There are 2 protein chains.
Amino acid sequence: MSTLVEVGRLAGVTPATVSNVLRGRGRVSEATRERVLAAVQQLGYRPNLNARALVEGRPHTIALIVSSIANPFYPEFALAAEKAVRKHDYFLLVCNTNNDPAQEAAYLDAVGGSLAQGVLVMNADFVRVDELLALRRRGVPVVLCMWEKPDEAPDLPYIAVDFHQAGVIAAEHLLKLGHTRIGAIVGSEPTGNHIWRYRGFCDALARAGVPHPPDEVRFGGDTIDAGRNAAHALLAAVPDLSAIFVSNDLPAIGVLQAAADLGLEVPADLSVIGITDIQLAHQVRPALTTVAVPTEEAAELAVQLMMQVIEDGAQQIARCAVASTPQLVVRASTGRVRRARKSA
Amino acid sequence: MSTLVEVGRLAGVTPATVSNVLRGRGRVSEATRERVLAAVQQLGYRPNLNARALVEGRPHTIALIVSSIANPFYPEFALAAEKAVRKHDYFLLVCNTNNDPAQEAAYLDAVGGSLAQGVLVMNADFVRVDELLALRRRGVPVVLCMWEKPDEAPDLPYIAVDFHQAGVIAAEHLLKLGHTRIGAIVGSEPTGNHIWRYRGFCDALARAGVPHPPDEVRFGGDTIDAGRNAAHALLAAVPDLSAIFVSNDLPAIGVLQAAADLGLEVPADLSVIGITDIQLAHQVRPALTTVAVPTEEAAELAVQLMMQVIEDGAQQIARCAVASTPQLVVRASTGRVRRARKSA
DNA sequence: ATGAAAGCGCTAACAG
DNA sequence: CTGTTAGCGCTTTCAT
């Protein structure tokens with residue numbers, strides 16, 4: 001692995017000149033320029049990014065902390081984030097904490113040791129805001145991606161997505177189709193991340209004068225299995241539902257499976273709607289109707305915010321950027337209410 | 001962000017001593033040890049990894065090149081790789097090339113500039129072996145993960161998985177269930193990555209004396225959609241198949257959907273088997289019977305090989321480690337052949 | 001047991 | 001237009 005000095009030696013100039021050529025700084029004669037470039041070529045020289053980061057005080061790397069990679073949404077977001085940082089000529093370091101606080105601590109320490117210049121944190125149920133504040137105090141830019149709880153805005157820059165509105169949109173879609181017996185399955189604890197999605201749903205129903213008794217909702221995990229189990233429980237308790245609102249696509253797919261288990265036709269017997277629009281949503285059968293969250297846009301906004309925070313240096317005022325409103329994507333899992341089904 | 005010097009000043013020692021304390025080197029008295037640690041604590045000091053990498057000549061980072069993150073297998077493998085490198089106290093830099101040669105080049109250049117110490121390359125259809133050889137020539141350790149073609153062993157260290165045997169196992173499972181009309185869907189080009197899986201299948205059938213005419217196979221992409229389309233085409237041409245071998249789980253799930261489209265019951269009317277055992281395989285309904293590839297083990301082997309190559313320095317002899325044999329995982333998508341179906 | 005000094009590869013002023 | 005110089009933060013002999 002050759003160095004600037006070697007390139008310079010080969011080209012008959014000093015390292016400084018080579019550096020100037022490579023970075024387009026300073027004035028360099030065309031002749032030496034070409035000589036230098038030839039030497040670079042010949043030696044297969046690549047600038048040592050560590051040395052550069054050291055002298056510049058920061059690496060061209062942004063870290064993304066995700067809590068799990070099992071949920072396909074996270075890889076999808078990671079992809080979007082990577083695209084976004086590459087646009088700014090940064091590299092993305094994906095840090096999967098696997099829900100392990102030790103892992104997370106190790107990563108945050110490393111980032112604090114300038115493994116990366118800033119850290120994007122994918123909002124999951126287990127964000128340790130205190131740790132992040134400590135990191136920020138150490139001078140590391142931190143941006144939260146996809147904050148879900150407008151009432152608990154953290155003292156950190158973050159990207160907000162209006163999940164309440166997503167819940168409203170989902171509910172209104174079902175209402176418009178004539179459903180009045182609508183159950184709900186929430187992919188988090190009652191105080192968890194998805195609570196505002198559910199509130200949006202409830203608000204829309206209330207506004208429409210459609211009752212939603214507390215026994216027609218189930219809370220659970222953000223997985224296919226949890227969704228399936230919750231649907232089985234819900235439909236056993238309340239068999240005459242004609243539609244189910246699910247707070248996320250993964251459990252919604254589980255609901256689809258539960259319907260199949262029970263011999264219910266979707267959407268003839270049961271309509272199902274999710275939120276997010278992960279890839280899988282259009283790959284399952286029936287394809288899932290859902291409320292698409294602007295993932296790519298959120299990732300871009302997060303990176304833009306990060307760049308601003310980096311520019312502004314120590315400032316780091318807690319700001320926030322709001323992504324555009326989620327959009328209804330109608331597929332095959334929802335339809336007009338047809339007939340009341342018999343109780344089991 | 002504080003430095004060694006500042007910590008030393010606060011503790012009343014030189015940076016060298018602080019370094020010794022932090023790395024457990026040299027002899028340090030218990031008294032100063034504690035003073036130093038206290039200072040570290042108080043300042044929230046974190047060693048600058050760039051400086052360390054610079055002086056040590058290499059960063060504690062391994063890169064993983066993946067071609068796409070759309071296929072859920074890659075994130076799963078990335079997770080496994082991350083776990084494996086963390087065991088050796090390295091960080092994993094996930095480089096998603098998104099099948100874009102420019103991206104890949106950018107990453108490889110950066111790695112060559114010691115963004116990472118070595119690079120794990122996930123085997124996809126588009127591995128640019130020449131680029132990798134060039135990188136290796138520059139002194140960067142390269143390890144190929146999951147090489148599929150035993151007859152085209154690259155001149156680079158790699159992890160082999162016996163995909164031929166995976167094909168054999170899948171075929172034998174179907175044969176044991178009494179199937180004799182077995183179609184095949186291959187998730188790659190006829191010369192592509194999955195070819196040895198298909199050969200395994202063919203060999204097993206041949207050995208059993210079961211015919212497999214060339215019009216009972218379809219080649220396509222490694223996606224759910226491609227699998228579904230291929231299945232529709234295959235079943236339209238050869239309606240009396242009682243089972244379909246699919247070279248990967250994703251297209252196998254597509255086949256499951258095609259069966260549902262056509263009103264075929266799985267496994268009563270049609271058995272379906274895949275290869276890999278991605279998470280989705282047991283989340284779909286009916287749950288997919290598949291031949292599980294030892295993903296975690298392969299990742300661990302790849303990292304171990306990487307560590308060896310790193311130790312051995314410039315040697316970098318092309319070696320190879322073979323992961324253990326794939327294992328049959330019987331779920332709900334395969335069953336005994338029941339009856340001959342009528343032609344459509 | 002601790003300190004002094006050199007240097008990793010690069011960039012940024014400033015000098016010539 | 002190009003060279004000189006200093007230094008980023010850390011590790012590592014080698015002295016003391």
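In what follows, chains are A, B, ... by sequence order, proteins preceding strands, each numbered from 1. Everything numeric in this text was worked out from a predicted model, so none of it was measured.
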Looking at B/R25, I'd like to know whether one of its side-chain N or O atoms comes within less than 4.0 Å of OP1 or OP2 on D/dT11. no

Presence of A/S19 side-chain N/O under 4.0 Å of C/dC10 phosphate oxygens OP1/OP2: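 No.
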
Nearest to the side chain of [X], heavy atoms from C-beta on, is which of [options]?
{"X": "A/E56", "options": "C/dT11, D/dC10, C/dC8", "result": "C/dT11"}
{"X": "A/A51", "options": "C/dC10, C/dG3, C/dC8", "result": "C/dC10"}
{"X": "A/T14", "options": "D/dG3, C/dG3, D/dC10", "result": "D/dG3"}
{"X": "A/R23", "options": "C/dT2, D/dT11, C/dA12", "result": "C/dA12"}
{"X": "A/S29", "options": "D/dT2, D/dG3, D/dC10", "result": "D/dT2"}
{"X": "B/N48", "options": "C/dT2, D/dG9, D/dT4", "result": "D/dG9"}

Indicate whether the side chain of A/E82 and that of B/N96 have a donor and an acceptor atom separated by less than 3.5 Å. yes

Rounded to whole Å, the CZ-P distance (A/R9 to D/dG3) equals 14 Å

Pair A/E300 + A/K87, salt bridge at N-O below 4.0 Å: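 Salt bridge present between A/E300 and A/K87.
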
Mind jotting down which residue pairs meet the side-chain hydrogen bond (donor to acceptor under 3.5 Å, both in side chains) criterion with at least one end in residues 3-18 of chain B? Sequence neighbours excluded, please.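 Matches after skipping sequence neighbours: B/T14-B/T17.
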
Using 30° and 60° as the class boundaries, would you call the ring planes of B/H60 and B/Y90 parallel, tilted or perpendicular? parallel

